[in-house]
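Data first, discussion second: the structure below is written as structure tokens.
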Amino acid sequence: MTVPSRRRMVAGTFTAGVAGLVGAGLKPAPAAAADTPPAAGAARTPGAADITPGDPRYEELATRGVNKRFTARPAAFRVATTTDEVVRAVGEAARSGRRVAVRSGGHCYENFVGDPAVRLVIDLGEMNAVSYDPRKRAFMVEAGARLMDVYRKLHDVWGVTLPGGASATVGMGGHVAGGGYGALSRRFGVAADHLYAVEVVVADAHGRARAVVATREPSDPHRELWWAHAGGGGGNFGVVTRYWFRSPGATGDDPGGLLPRPPATTVSNAVLYPREGMDRAAFRRLVRNFGLWHERNSGADSPYAGLYGGLVLLSRLKENDPGQSAVSFAHVDGDRPDAERLLKRYVAAVTEGVGVTPHITEVARDPWLTATAALAESQDHEKGRQKIKSAYLRRAFTDHQADALYRHLNSGDHSSEAAHVSLQSFGGRINSLRSSATAYAHRQAVINVIFMNVWQDERADAENVGWLRHLYRDVFAATGGVPVPGRNSDGCYVNYPDLDMADADWNTSGVPWHRLYYKDNYPRLQRIKAIWDPCGVFGHALGVRPA
């Protein structure tokens, strides 16, 4: 049994770790001289200068972003191939007063790159090298490298990985700067937890641009700049050109011991819940089961730390829709001798007492990279016009929240075939750090929730955006329409930016947008912003503002 083809896009937007579906067959101070190292890829053919509207390349660059609601039409694009080229581009823009935006993979969900105030877009897609740097005992990854290419190179050459996301074409530049979580994060933390150093092109108060390397070393005078890029969001302080990764506490010179080693295999399956019989009581029970299981099994030392699961709640397409109401997926570290037993216990806990007869697929065992690649490729199979919202949960949704989900998902008040709400495993090793250890502050959550709608017709924008807004507002009605950090919720994920968080019509909580994304870390980010971007060369609608 498979998800109907009209749900193919939903199967590709589970965001991280749907190996269960794969197995089931479903688709500043003055810088020292060492601050500017030799530019990576310096021997490459230099990139062009400004690409302006009269250039035949301009239109492709303007429409490169994944979210087709937005296009970027600045005065010029600059396709960079080296750090030196980025330095020149930023310096020229700063001296001429041009606002700069940067793009690596083009997966931003809001119109930050296409903002009319942006006059120059620096595209880093050609800066995609992955290598081992013996001087730093760390893996160097350029900001334009795509997730799947990074995973494959790290795995095949050195046998290691990063606990990042699932979409094949997401660029490392913004992904890591916002934290970067995925299927391995319960075991190993977010990707930014393994960030050792970052190279950032910044501009000073006189319009002079330079490349600065900041590390997590306590003695590094630029350490605050490293801290800000370990979860502080992209586009705030400068242009990230390179990252270096080494796990905290890793010792020795063997590259194979400096980052997490993924399991050899994953054990996975999926559970499909029919719409028939999924009344409000059954829906409540399913949502509660998923939430309570994660409340009880999300400790860093839990035997389930190697399990990643999700519950995707699907919208009704039309009256008498015969399809699925929900799909549950899970996969477990296949190297554990009890992997299949843990998976079956998890499935039993989520399905217990729901009252409908689900279809449970056979357990599959796949090589880790094979399952990861299949998932990553499915994520980007289809594109469209998108709206996304997010929330971190510290506890299960209440029955009132489940009722709001049930009401909207069954309303049919939209024209999308890919509207869904996806609850995904969180916690584990992520929560072993203090919220202030890095700029990534969400260290108490056990579930991450993605509210998403994807459609194709521009004429349906208002209908589809409005449907998602009302659903989200009603789910968090008790806290002003947003997941205010507190007893039950823990804010929002900055890599899923949502301008509604700064709109008083949709955020009536009195809690500012920056607390939802950064919690108590925002004042520190503001101080760093004032030092490293004193003239405001960089920024966007949800960007860090200097104090």
Sole residue of Y181, F451, Y517 in ring-ring contact (aromatic ring centres under 6.0 Å, His included) with Y493: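 When ring-ring contact (aromatic ring centres under 6.0 Å, His included) is applied between Y493 and each of Y181, F451, Y517, only Y181 qualifies.
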
Side chain T370, main chain D366, donor-acceptor under 3.5 Å: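 Checked: no pair found.
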
Main-chain N/O of V475 paired to Q401 side chain as donor or acceptor, under 3.5 Å: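 Yes.
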
In chain order, what residues pass the ring pair (Phe, Tyr, Trp, His ring centres under 6.0 Å) check against [X], with sequence neighbours excluded?
{"X": "W293", "result": "Y304, Y346"}
{"X": "F245", "result": "Y243"}
{"X": "H175", "result": "none"}

Straight-line distance of N67 CG to I388 CD1, nearest 0.5 Å: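 Those atoms lie 9.5 Å apart.
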
Please check if any side-chain donor atom of [X] sits under 3.5 Å from a side-chain acceptor atom of [Y], or the reverse.
{"X": "S435", "Y": "Q444", "result": "yes"}
{"X": "S411", "Y": "R316", "result": "no"}
{"X": "R275", "Y": "N410", "result": "yes"}

For [X], enumerate each residue passing the side chain to side chain contact (heavy atoms under 4.5 Å, CB included) test, keeping only those at least two apart in sequence or located in another chain.
{"X": "N289", "result": "R285, E352, V354"}
{"X": "T508", "result": "none"}
{"X": "Y522", "result": "W513, H514, Y518, Q526, V544, R545"}
{"X": "L258", "result": "Y132, R137, F139, R246, A250"}

Cation-pi check, R216 onto W227 ring (under 6.0 Å, within 45° of axis):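 Here R216 fails the 6.0 Å and 45° test against W227.
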
List, one per line, each side-chain donor-acceptor pair under 3.5 Å for residues 483-492, sequence neighbours excluded.
residue, atom, partner, partner atom, Å
D490, OD1, K519, NZ, 2.6
D490, OD2, K519, NZ, 3.3

Set of residues satisfying side chain to side chain donor-acceptor pair (under 3.5 Å) with respect to D498, sequence neighbours excluded: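 K387, K389.
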
For K153, all residues meeting salt bridge (charged side-chain N to carboxylate O under 4.0 Å, His left out), sequence neighbours excluded: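 With sequence neighbours excluded, K153 shows a salt bridge (charged side-chain N to carboxylate O under 4.0 Å, His left out) to no residue whatsoever.
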
D333: partners by salt bridge (charged side-chain N to carboxylate O under 4.0 Å, His left out), with sequence neighbours left out: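 D333 satisfies salt bridge (charged side-chain N to carboxylate O under 4.0 Å, His left out) with R187 once adjacent residues are dropped.
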
NZ/NE/NH1/NH2 to OD/OE distance under 4.0 Å, D338 and R341: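 The answer is yes: the pair qualifies as a salt bridge.
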
All pairs passing salt bridge (Lys or Arg N to Asp or Glu O under 4.0 Å) where residues 294-303 contributes a residue, at least two apart: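 As it turns out, the salt bridge (Lys or Arg N to Asp or Glu O under 4.0 Å) pairs with a partner in residues 294-303, which skip direct neighbours, are D301-R429.
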
